[in-house]
*Asks:* 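I'd like to ask some things about the structure below.
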Amino acid sequence: MSVTAKLRIEVNGEAREVPEGASVADLLVVLNLAAPKVAVERNLEIVPRSAWATTRLAEGDRLEVVHFIGGG
C-alpha cells in the first residue's frame, strides 16, 4: 500500500493539506480557480504566473490567492 505524504500549508488564512511535490499551479486546480483571473502570493512574495508550474509548495507555506471578479 502506498501512502502519499501531505504538506500542511495555509491558503487565505485557512489550513489545508496538499500532496508533497504539489506546485502553485496544482493548488489552483484543486481550488478550481481560473489562471487569468488570479494572483498568488507565497510567503509574502508574489509568484509570477510564469513560475506557477515550477514553484513547489513546502511545509508551512502561507499563500494568499486573490481572485479578480469583473463587473460594472
Side-chain angles (χ1 to χ4, degrees):
M1 176 165 53
S2 173
V3 176
T4 303
K6 297 281 188 179
L7 301 173
R8 289 182 304 256
I9 63 170
E10 186 176 295
V11 180
N12 295 348
E14 180 181 319
R16 287 192 168 263
E17 286 190 344
V18 295
E20 192 172 87
S23 68
V24 169
D26 296 330
L27 175 65
L28 294 177
V29 169
V30 169
L31 297 174
N32 198 28
L33 293 174
K37 298 181 180 181
V38 173
V40 179
E41 178 185 273
R42 177 179 172 242
N43 301 326
L44 304 177
E45 291 187 17
I46 298 294
V47 180
R49 189 172 319 242
S50 61
W52 287 357
T54 57
T55 301
R56 299 286 172 221
L57 300 173
E59 182 75 22
D61 275 352
R62 292 181 175 212
L63 295 104
E64 292 295 324
V65 179
V66 180
H67 185 218
F68 299 102
I69 301 173

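Hydrogens, waters and symmetry mates play no part in the numbers below; they use all other heavy atoms, side chains included.
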*Asks:* Would you find more than 12 non-hydrogen atoms of other residues, nucleotides or ligands less than 6.0 Å from R49 atom CZ?
*Replies:* yes
*Asks:* So, taking the atom named CG in N43 and the one named CD in E10, what distance separates them when rounded to the nearest 0.5 Å?
*Replies:* 10.0 Å
*Asks:* Check side-chain hydrogen bond (donor to acceptor under 3.5 Å, both in side chains) between R42 and all other residues, then give those that pass, not counting sequence neighbours.
*Replies:* D61
*Asks:* Could you give me the CA-CA distance, side-chain angles and deciding distance for V30 and V18, then say whether side chain to side chain contact (heavy atoms under 4.5 Å, CB included) is met?
*Replies:* CA-CA 9 Å; V30 169; V18 295; over 6 Å; no
*Asks:* Nearest 0.5 Å, what's the CG-CG distance between L57 and L63?
*Replies:* 6.0 Å
*Asks:* For the NZ atom on K6, are there more than 12 heavy atoms of other groups (residues, nucleotides or ligands in this structure) within a distance under 6.0 Å?
*Replies:* yes
*Asks:* What heavy-atom pair brings S23 and R56 nearest, and what distance separates the two atoms?
*Replies:* CB-NH1, 3.1 Å
*Asks:* Give me the atom names and distance for the closest heavy-atom approach of W52 to V40.
*Replies:* CZ2-CG2, 3.8 Å
*Asks:* Measure the CD-CG distance between E64 and N12 for me, rounded to the nearest 0.5 Å.
*Replies:* 4.5 Å
*Asks:* Honestly curious: do V24 and L31 fall in one hydrophobic cluster under the side-chain, below-4.5 Å linking rule?
*Replies:* yes
*Asks:* For A51 and T55, work out which heavy atoms get closest and say how close.
*Replies:* O-OG1, 2.6 Å
*Asks:* Looking at E59 and L7, what are the two nearest heavy atoms and their distance?
*Replies:* OE1-CA, 3.4 Å
